[in-house]
Amino acid sequence: MTRKEAMEYDDSLKQELKQAAVRFGLAESSGVYIVDHYITVFPEDARKGMIFFGKTPASYKPGNVKIDLKKALAAGLEFAASIGAPESIFHYIQLIIVSAFFIEKSVKQELSGMEAAVVYLLHKNGAYDSGMEEERLINEVQEWYRQKEGNIVEGEEIADAVNQLYRIRTVDLRDGKIYLNEHVWKTVK
C-alpha cells in the first residue's frame, strides 16, 4: 500500500465506522475517534505480507493496519463509567469489533488455484532473495500441473497469474526474475 493508498484507506475506514456507529446508536464521531486514536494505517515495505494455503489460499497484508484493542477497550470502559450508561459500552465494543472485521476483510486477497501454484513453486525454490527465472517458473508450473492435475496449462495462463500476483504485490519482477515478497506459512499438499 502506497502512502496515497494508506490515506485513502484511512478515510474509507472512517466512513465505514461512522456508519457502524450510527447503526449502534452512537455518534458518528465515535467511529472517527476510534480510527484516529486506536488504528494506525501506514504504507508497507516490500515484504509485509503472508500467504496462507488451504481451502481458500489467500495473501494477507496485515502490516499496513494496526489496531490497539487494549487501549480502545480501556477507553470505552472509562467512557461508559463516566456517563453511567452500561449499554453504551456494549455498542462501543461492537463498533471496535466491526472495525477489526473491516480491517481483516481489507487486508485479505484470495488467490486462484493458479496463483497459489505459482506462489508454492516460488516458495519451494526459495525465490525470496534470489528470485526465479520466468521461463523456469513457467516450465515448473506446467510440469506440476501435469503431475498433480493431469492436464496441461498454457504459459499465458501462468503469466496472467504472475501479473495478478505482481498487482497485489505478492511478487516482484526484476531483471527477468520473479521474487516472492510474502512469506508462505502453509504449503500445498
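No hydrogens, no waters, no symmetry mates; every other heavy atom, side chains included, goes into these values.
- Annotation: Gln164, atom CD; neighbour count of heavy atoms from other residues, nucleotides and ligands within 6.0 Å is above 12.
- Tyr179 and Val119 fall into different hydrophobic clusters, where Ile, Leu, Val, Met, Phe, Trp and Tyr are joined by side-chain heavy atoms under 4.5 Å apart, directly or via other members.
- One distance of note links CG of Asn125 with CG of Leu180; it measures 10.5 Å at 0.5 Å rounding.
- The backbone N or O of Gly126 lies less than 3.5 Å from a partner atom in the side chain of Ser130, making a donor-acceptor pair.
- When the side chain to side chain donor-acceptor pair (under 3.5 Å) test is applied to Glu143, the partners found at least two apart in sequence or on another chain are Arg146, Gln147.
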Verdict with reasoning, Glu133 to Leu137, per side chain to side chain contact (heavy atoms under 4.5 Å, CB included):
CA-CA 6 Å; Glu133 297 289 332; Leu137 175 67; over 6 Å; no
Full working for side chain to side chain contact (heavy atoms under 4.5 Å, CB included) between Gln142 and Ile158
CA-CA 8 Å; Gln142 287 174 326; Ile158 299 166; 3.6 Å; yes
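- A heavy-atom distance below 4.5 Å is found between the side chains of Met132 and Glu140.
- What you find for His123 and Tyr128 is that their closest heavy atoms are ND1-OH, 2.6 Å.
- Residue pairs satisfying the salt bridge (Lys or Arg N to Asp or Glu O under 4.0 Å) criterion with at least one member in residues 150-164, sequence neighbours excluded, are absent.
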Check step by step if side chain to side chain contact (heavy atoms under 4.5 Å, CB included) holds for Val118 and Val162.
CA-CA 7 Å; Val118 168; Val162 169; 4.0 Å; yes
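- Hydrophobic clustering (ILVMFWY, side-chain heavy atoms < 4.5 Å, transitive): Leu13 and Val32 are in distinct clusters.
- Glu115 has its side chain out of reach of Thr170: every pair of non-hydrogen atoms, C-beta onward, lies at least 4.5 Å apart.
- Note: Asp36 CG to Leu17 CG = 10.5 Å, rounded to the nearest 0.5 Å.
- With a 4.5 Å cut-off on side-chain heavy atoms, Glu182 and Val171 do not count as touching.
- With sequence neighbours left out, the side chain to side chain donor-acceptor pair (under 3.5 Å) criterion links Asp172 to Arg174.
- To the nearest 0.5 Å, atoms NZ (Lys18) and OG (Ser30) are separated by 12.0 Å.
- Under the 4.5 Å side-chain heavy-atom criterion for ILVMFWY residues, a single connected hydrophobic cluster contains both Trp144 and Val153.
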For the pair Leu165 and Asn181, evaluate side chain to side chain contact (heavy atoms under 4.5 Å, CB included) and give the outcome as yes or no after the intermediate values.
CA-CA 10 Å; Leu165 291 168; Asn181 287 335; over 6 Å; no
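- Side-chain heavy atoms closer than 4.5 Å link hydrophobic residues (I, L, V, M, F, W, Y) into clusters, and following such links, even through other members, never connects Val22 to Ile34.
- Atom CG of Asn151 is surrounded by more than 12 heavy atoms from other residues, nucleotides or ligands within 6.0 Å.
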